[in-house]
Asks: 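Quick one: the structure is below, and I'll ask about it shortly.
In what follows, every chain begins at residue 1, and chains take the letters A, B, ... in the order their sequences are listed. Side chains included, hydrogens not; waters and symmetry mates left out as well; all remaining heavy atoms used.
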Amino acid sequence: MSTNENPPSSNFIRHIIDNDLKENKNNGKVATRFPPEPNGYLHIGHAKSICLNFGIAEEYKGTCNLRFDDTNPEKESDEYVQAIMRDVQWLGFQWSELRHASDYFEQLYDYAVQLIKDGKAYVDSLSAEQIRAYRGTLTEPGKESPDRNRSVEDNLDLFKRMREGEFADGQYVLRAKIDMASPNINMRDPALYRIRRVHHQRTGDKWCIYPMYDYTHCISDALEGITHSLCTLEFEDHRPLYDWVLDQLKTPSHPQQIEFARLQLKYTIVSKRKLNQLVTEKHVSGWDDPRMPTIAGLRRAGFTPKSIRDFCERIGVTKQNSWIEMGVLEYCIREDLNENAPRAMAVLRPLRVVIENYPEDKTEYLEISNHPQKPEFGKREIAFSRVVLIEQDDFAEVPPPKYKRLVEGGEVRLRGTYVIKCNQVIKDADGNITELRCTYDPDTLGKNPEGRKIKGVIHWVAEAHSRPAELRLYDRLFKVPNPDNEENFLEALNPNSLEVLTDCRVEASLADAKPESRYQFERTGYFCLDAKDSVGGKLVFNRTVTLRDTWEKN
RNA sequence: UGGGCCGUCGCCAAGCGGUAAGGCACGGGGUUUUGAUCUCCGCAUACCAAGGUUCGAAUCCUUGCGGCCCAGCCA
């Protein structure tokens with residue numbers, strides 16, 4: 001289970017549970033479940049639900065099952081099942097029991113037979129279009145199907161033959177007999193079973209009828225002894241149906257459904273249909289593209305499980321529709337990585353600096369600490385010699401006001417080493433700066449020069465002692481706060497969401513970086529070694545997030 | 001225009017009749033060999049609005065206003 005140091009904050013669901021416990025409801029037990037449909041990868045919105053369900057189970061010493069809601073085989077697959085299990089565990093949670101709604105198909109069928117026997121369900125021959133027409137509208141009641149009063153015997157017979165495959169897909173449907181005039185449309189005789197000749201990833205071709213969500217979910221919860229069935233707000237209108245089904249049947253328990261607001265993050269989408277489209281139409285490299293709001297994408301970008309858990313804790317759980325700013329997620333990952341990522345140096349856009357008064361054949365191995373505030377992170381050796389590479393941005397011919405980096409005639413410290421002074425700017429025929437000729441002050445290693453203040457410190461690598469690397473700079477995938485509002489969300493894609501830098505140089509110690517290891521590249525951001533593309537000695541780093549920058553903002 | 005739900009700082013969010021927590025963001029000072037981190041300070045006489053009940057209301061009542069969800073044989 002997870003180990004979040006931040007104590008969970010109170011929310012209305014915990015209040016309800018506290019109250020239930022006080023009244024000894026459910027004999028003091030707390031049982032939750034996380035019920036994803038395996039029709040896509042898990043995303044940050046699921047993380048909220050996972051943290052809530054598993055977190056509550058943990059806090060109340062209860063249980064939390066992972067249950068796949070696999071009642072619609074058309075869209076579901078084992079690839080998704082595997083990915084979901086991997087992501088839940090990576091987030092730091094372990095389910096009490098692994099279940100599938102399809103484990104209950106036989107029982108679900110028996111319960112349906114019971115409903116029919118009790119006159120609470122009937123087989124309808126209306127087509128999908130007719131059912132829609134009969135349903136009425138939001139303001140007008142629906143009308144009853146001619147089949148609504150079919151005899152129990154006929155219903156039993158037809159339902160059995162539905163299962164046996166006697167009918168074509170869509171020819172019949174099993175419906176609950178509730179109230180066609182209900183102001184709640186979900187109660188106007190909702191479908192319980194449909195005929196669908198589709199291979200199911202777990203049950204194969206055993207079934208040609210599949211139960212609907214509303215019917216399946218409540219019974220699955222009841223069979224598992226779930227006490228608190230947490231779901232998102234759009235299911236609020238379904239709660240009467242959830243309760244109705246369980247009220248008609250002798251299920252082992254009657255869980256309480258509680259709804260909370262789903263996560264909405266600015267500049268992202270979490271619609272599985274749209275995420276799927278991004279993948280299949282190759283707008284991103286896959287479900288785990290670092291720009292994707294999926295758990296797999298966040299992982300590949302370098303987010304830590306802890307930072308995501310922390311994020312879910314910070315945003316709270318309420319019934320209010322709300323939009324979380326990206327800044328909160330960014331804060332969470334920066335906080336974790338600032339604490340736990342070792343520092344290193346990488347030059348994204350190199351500019352050659354020749355230190356003219358430093359001997360050609362000399363190399364010094366200097367010690368530099370891996371974390372400025374944490375001596376326990378230890379030190380590493382870093383090579384310094386006559387030619388170093390600095391960031392192009394760290395030199396300016398015409399510096400903006402308050403610029404504290406290198407300028408012609410000015411001084412700056414190379415992090416962890418000496419103060420250098422720029423004496424000459426070398427340009428090519430087109431006027432591009434190609435090289436800086438500098439001198440260093442040998443008396444500034446580990447101490448400040450006397451009589452002058454060096455304002456700037458810049459990062460660097462020694463040309464001869466650095467390694468080539470590819471750095472991928474990611475930015476938000478969308479350029480508008482709510483892409484879902486766009487007529488076509490694809491037009492809201494940020495064309496600059498990925499910048500690939502192939503001429504970067506990183507310090508030699510990074511040659512041994514392990515896949516998925518995270519570093520702070522000083523002054524530029526947090527990076528994670530890409531586990532997929534760093535092959536054959538090639539170093540590919542993904543930028544997780546930039547460092548907070550109060551200078552660029554002006 | 002039917003039903004369900006929600007309105008507390010720019011964004012989240014505590015609060016549950018006794019006089020507005022906290023976080024993010026933002027602004028300012030200090031420390032710093034990362035313009036990072038850290039640290040200090042500031043940031044709602046005000047809780048969608050208007051009435052009412054009360055010694056006392058963000059909390060209770062009434063009426064408005066605004067937003068979200070529902071008419072799949074999807075979940």
Asks: Quick check with a 6.0 Å cut-off and a 45 degree axis cone: is A:Arg194 positioned over the face of A:Tyr210's six-membered ring?
Replies: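 Verdict for A:Tyr210: no cation-pi partner in A:Arg194.
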Asks: Using atom P of each nucleotide, how far apart are B:C6 and B:C26 to the nearest Å?
Replies: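 After rounding to an integer number of Å, I get 32 Å for this pair.
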Asks: What pairs with A:Glu79 under side chain to side chain donor-acceptor pair (under 3.5 Å), at least two apart in sequence or on another chain?
Replies: A:Tyr41
Asks: On the side chain of A:Arg196, is there an atom forming a donor-acceptor pair with the base of B:C73 - under 3.5 Å, no angle test?
Replies: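 Side chain to base: pair found, below 3.5 Å.
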Asks: Which base, if any, makes a Watson-Crick or G-U wobble pair with B:C65, both distances under 3.5 Å?
Replies: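 Paired with B:C65, as far as the under-3.5 Å criterion goes, is B:G7.
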Asks: Have a look at A:Tyr403 and say if it touches a base, only the backbone sugar-phosphate, or nothing, with a 4.0 Å heavy-atom cut-off.
Replies: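 Base contact.
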Asks: Is the phosphate of B:A36 approached by A:Thr550 (side-chain N or O, under 4.0 Å from OP1 or OP2)?
Replies: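 For A:Thr550, the contact criterion (side-chain N or O under 4.0 Å from OP1 or OP2 of B:A36) is met.
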Asks: Would you indicate, yes or no, if B:G15 has its OP1 or OP2 atom less than 4.0 angstrom from a side-chain nitrogen or oxygen of A:His15?
Replies: yes
Asks: Going by the rule salt bridge (charged side-chain N to carboxylate O under 4.0 Å, His left out), which residues pair with A:Arg33 if we only count those two or more places apart in sequence or in a different chain?
Replies: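 Applying salt bridge (charged side-chain N to carboxylate O under 4.0 Å, His left out) to A:Arg33 gives A:Asp221.
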Asks: Whole Å only: how far is the CG atom of A:Leu337 from the P atom of B:C38?
Replies: 13 Å
Asks: So, under a plain 3.5 Å distance rule, would you say the side chain of A:Arg405 forms a donor-acceptor pair with the base of B:G35?
Replies: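 In this structure, the two groups form a donor-acceptor pair.
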Asks: With respect to the phosphate group of B:C74, does any side-chain polar atom (N or O) of A:Tyr213 fall under 4.0 Å of OP1 or OP2?
Replies: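 No, outside the criterion.
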Asks: Can you tell me how far C1' of B:U31 sits from NZ of A:Lys453, to the nearest Å?
Replies: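 Result: 12 Å.
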Asks: Rounded to whole Å, how long is the line connecting atom CG of A:Leu414 with atom P of B:U34?
Replies: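 Taking CG of A:Leu414 and P of B:U34, I get 13 Å after rounding.
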Asks: Would the base of B:A36 count as contacting A:Gln373 through its side chain, where contact means a donor and an acceptor less than 3.5 Å apart?
Replies: yes
Asks: Do A:Arg150 and A:Asp124 sit within salt-bridge range, that is, some charged N less than 4.0 Å from a carboxylate O?
Replies: no
Asks: Separation of A:Glu325 atom CD from B:C9 atom P, in whole Å?
Replies: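 Value for this atom pair: 13 Å.
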Asks: Please list, chain by chain and in numerical order, all residues satisfying salt bridge (charged side-chain N to carboxylate O under 4.0 Å, His left out) with A:Arg196, sequence neighbours excluded.
Replies: A:Glu74
Asks: Given B:A75, is OP1 or OP2 found less than 4.0 Å from the side-chain N or O atoms of A:Thr71?
Replies: yes
Asks: Decide if atom NZ of A:Lys143 counts as having more than 12 heavy atoms of other residues, nucleotides or ligands within a radius under 6.0 Å.
Replies: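 No, NZ of A:Lys143 has 12 or fewer neighbouring heavy atoms, counting only those of other groups under 6.0 Å.
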Asks: Would you say A:Arg314 places a side-chain N or O within less than 4.0 Å of OP1 or OP2 belonging to B:C12?
Replies: no
Asks: In whole angstrom, give the distance that lies between atom CD of A:Glu330 and atom P of B:C12.
Replies: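 Nearest whole value for this atom pair: 16 Å.
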Asks: B:A13, OP1 or OP2 - any side-chain N/O from A:Gln320 closer than 4.0 Å?
Replies: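 True: A:Gln320 side-chain N/O within range (under 4.0 Å) of B:A13 OP1/OP2.
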Asks: Using the rule given for side-chain hydrogen bond (donor to acceptor under 3.5 Å, both in side chains), can you reason through A:Arg380 versus A:Asn370, listing the C-alpha separation, both sets of side-chain angles and the distance that settles it, and then say yes or no?
Replies: CA-CA 7 Å; A:Arg380 67 188 187 283; A:Asn370 291 325; 2.9 Å; yes
Asks: Salt bridge between A:Glu59 and A:Arg14, side-chain N to carboxylate O under 4.0 Å?
Replies: yes
Asks: For A:Gln171 and B:C73, what is the distance between atoms CD and P respectively, to the nearest whole Å?
Replies: 17 Å
Asks: Are the charged groups of A:Glu236 and A:Lys319 less than 4.0 angstrom apart, N to O?
Replies: yes
Asks: Answer with yes or no whether A:Glu339 presents, from its side chain, a donor or acceptor under 3.5 Å of a partner atom in the base of B:U37.
Replies: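 In this structure, the two groups form no donor-acceptor pair.
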Asks: Does B:G72 have OP1 or OP2 under 4.0 Å away from a side-chain N or O of A:Arg135?
Replies: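 For A:Arg135, the contact criterion (side-chain N or O under 4.0 Å from OP1 or OP2 of B:G72) is met.
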Asks: Within this structure, what is the CZ-OG1 distance for the pair A:Arg349 and A:Thr524, rounded to the nearest 0.5 Å?
Replies: 10.0 Å
Asks: Looking at B:U33, does its base get a donor-acceptor pair with the side chain of A:Arg413 below 3.5 Å?
Replies: yes
Asks: For residues 261-277 of chain A, which residues have at least one heavy atom under 4.0 Å from RNA chain B?
Replies: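 Of all residues in residues 261-277 of chain A, the ones placing a heavy atom under 4.0 Å from RNA chain B are A:Lys266.
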Asks: Tabulate atom names and distances for all N/O pairs under 3.5 angstrom spanning the protein and nucleotides 65-69 of chain B.
Replies:
from, atom 1, to, atom 2, distance (Å)
B:C68, O2', A:Asn321, ND2, 3.4

Asks: Syn or anti for B:G72, please, going by whether the chi angle lies within 90° of 0.
Replies: syn
Asks: Given the structure, check if the side chain of A:Arg343 and the base of B:U34 hold any donor-acceptor pair shorter than 3.5 Å.
Replies: yes
Asks: Any N or O donor-acceptor pair under 3.5 Å from the base of B:G2 to the side chain of A:Glu140?
Replies: no
Asks: Please list, chain by chain and in numerical order, all residues satisfying salt bridge (charged side-chain N to carboxylate O under 4.0 Å, His left out) with A:Lys447, sequence neighbours excluded.
Replies: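 With sequence neighbours excluded, A:Lys447 shows a salt bridge (charged side-chain N to carboxylate O under 4.0 Å, His left out) to A:Asp443, given in chain and number order.
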Asks: Check the distance between B:A36's C1' and A:Arg518's CZ and give it to me in whole angstrom.
Replies: 19 Å
Asks: Without decimals, in angstroms, what is the distance between A:Asp214 CG and B:C73 P?
Replies: 10 Å
Asks: Going by ring centres under 5.5 Å and near-parallel planes (under 30°), is A:Trp551 stacked on B:G35?
Replies: yes
Asks: So, does A:Arg188 get its side chain near the phosphate of B:G2, meaning an N or O under 4.0 Å from OP1 or OP2?
Replies: no
